[in-house]
Amino acid sequence: MAELAFFSGTMDCGKSTLALQIQHNRSARGLTGLIFTRNDRAGEGRLSSRLGLVTHAVEADEDFDFHAHLVKYLTAGARVDYVIADEAQFLSPEQVDQLARVVDDLGIDVFAFGITTDFRTRLFPGSQRLIELADRVEVLQVEALCWCGARATHNARTVGGRMVVEGAQVVVGDVGAGDEVGYEVLCRRHHRRRLTAAAAGAGALSPDVLPADGVPQPVPVPRRQS
């Protein structure tokens with residue numbers, strides 16, 4: 001039986017990395033899938049991970065119809081075994097309904113990935129509808145950390161490192177964006193106090209991207225002369 005699965009969590013918890021891993025695992029077994037996204041940090045038509053991985057995707061704007069697109073694709077003789085929808089929090093409730101129809105009417109697995117709540121701790125409409133309709137909802141186990149070291153549970157929007165609580169629900173940015181509009185994950189206590197890493201004078205816990213080269217090598221131990 002096909003299913004609609006929703007993988008959720010805060011920013012920086014590995015959602016896009018998992019999406020890419022699912023795509024890799026299934027394609028390695030000869031399965032064919034379609035990848036959709038909206039407002040990815042890497043730009044239009046991209047699905048990217050903070051680990052530095054990126055792949056092409058179909059940009060699903062506000063007028064995009066998932067069910068109609070899949071029907072047209074299949075009618076043309078193409079094969080689709082699964083669908084990946086990243087940044088699913090930005091989808092409209094109607095588009096989530098379309099994804100559910102893809103599962104029920106076309107028998108195609110749909111894996112959706114997204115943030116549950118916005119910078120004001122309010123549910124995104126797309127995430128709310130996914131929670132209502134999904135056959136399976138999973139909170140990712142890779143815990144993002146607040147600057148204090150506690151488990152991060154909330155997304156904060158920042159300007160110049162200072163947390164803001166007003167503005168449009170959707171403003172594209174990324175963690176560690178400096179003086180521009182950015183985002184930071186915080187524990188509930190520090191989100192309530194509006195205390196970001198910059199405001200607390202705390203440094204970053206780790207780089208956004210794992211180094212691909214320049215890894216320190218073991219230092220050889222000199223052999224004792226007999």
_Using the side chain to side chain contact (heavy atoms under 4.5 Å, CB included) criterion, which residues pair with A150? Sequence neighbours excluded._
C148, C187
*Output all residues satisfying side chain to side chain contact (heavy atoms under 4.5 Å, CB included) with A134, sequence neighbours left out; order by chain, then residue number.*
L4, F6, V137
Report all side-chain donor-acceptor pairs from residues 19-36 shorter than 3.5 Å, counting only partners two or more places apart or in another chain.
{"unit_1": "Q21", "atom_1": "NE2", "unit_2": "N25", "atom_2": "OD1", "d": "2.9"}
{"unit_1": "S27", "atom_1": "OG", "unit_2": "Q23", "atom_2": "O", "d": "3.0"}
{"unit_1": "S27", "atom_1": "OG", "unit_2": "H24", "atom_2": "O", "d": "3.0"}

*Report the residues that fulfil salt bridge (charged side-chain N to carboxylate O under 4.0 Å, His left out) with D81, sequence neighbours left out, ordered by chain and then residue number.*
R79
_Can you list everything that forms a side-chain hydrogen bond (donor to acceptor under 3.5 Å, both in side chains) with E132? Sequence neighbours excluded, please._
Q128, R129
_Non-neighbouring partners of R162 that pass side chain to side chain contact (heavy atoms under 4.5 Å, CB included), sequence neighbours left out_ = A199
*Partner set under salt bridge (charged side-chain N to carboxylate O under 4.0 Å, His left out) for R194, not counting sequence neighbours*: none
_Among R192, R188, R189, which residue satisfies the side-chain contact (heavy atoms from CB on, under 4.5 Å) criterion with H154?_
R188
*Output, in order, the C-alpha distance, side-chain angles, deciding distance and verdict of side chain to side chain contact (heavy atoms under 4.5 Å, CB included) for K15 and F7.*
CA-CA 7 Å; K15 296 181 300 300; F7 299 88; 5.7 Å; no
*Is the backbone N or O of A197 less than 3.5 Å from a side-chain atom of E184, with the two atoms forming a donor-acceptor pair by type?*
yes
Could you pull out every donor-acceptor pair under 3.5 Å between side chains of residues 109-119 and any protein atom, sequence neighbours left out?
{"unit_1": "D109", "atom_1": "OD1", "unit_2": "E3", "atom_2": "N", "d": "2.9"}
{"unit_1": "D118", "atom_1": "OD1", "unit_2": "R120", "atom_2": "N", "d": "2.8"}
{"unit_1": "D118", "atom_1": "OD1", "unit_2": "T121", "atom_2": "N", "d": "3.2"}
{"unit_1": "D118", "atom_1": "OD1", "unit_2": "R122", "atom_2": "N", "d": "2.9"}
{"unit_1": "D118", "atom_1": "OD2", "unit_2": "R120", "atom_2": "NE", "d": "3.3"}
{"unit_1": "D118", "atom_1": "OD2", "unit_2": "R120", "atom_2": "NH2", "d": "3.0"}
{"unit_1": "D118", "atom_1": "OD2", "unit_2": "Q169", "atom_2": "NE2", "d": "2.9"}

*Residues which pass salt bridge (charged side-chain N to carboxylate O under 4.0 Å, His left out) with E138, listed by chain and number, not counting sequence neighbours*: R136
_Going by salt bridge (charged side-chain N to carboxylate O under 4.0 Å, His left out), name the residues that satisfy it together with D135, two or more places apart in sequence or in a different chain._
none
_Let me check something: do L99 and I108 share a hydrophobic cluster, defined by ILVMFWY side-chain heavy atoms less than 4.5 Å apart, either directly or through other members?_
yes
*asked:* Suppose we screen for side chain to side chain contact (heavy atoms under 4.5 Å, CB included). Which residues come up paired with H67, at least two apart in sequence or across chains?
replied: D65, V71, Q98, R101, V102, D105, L106
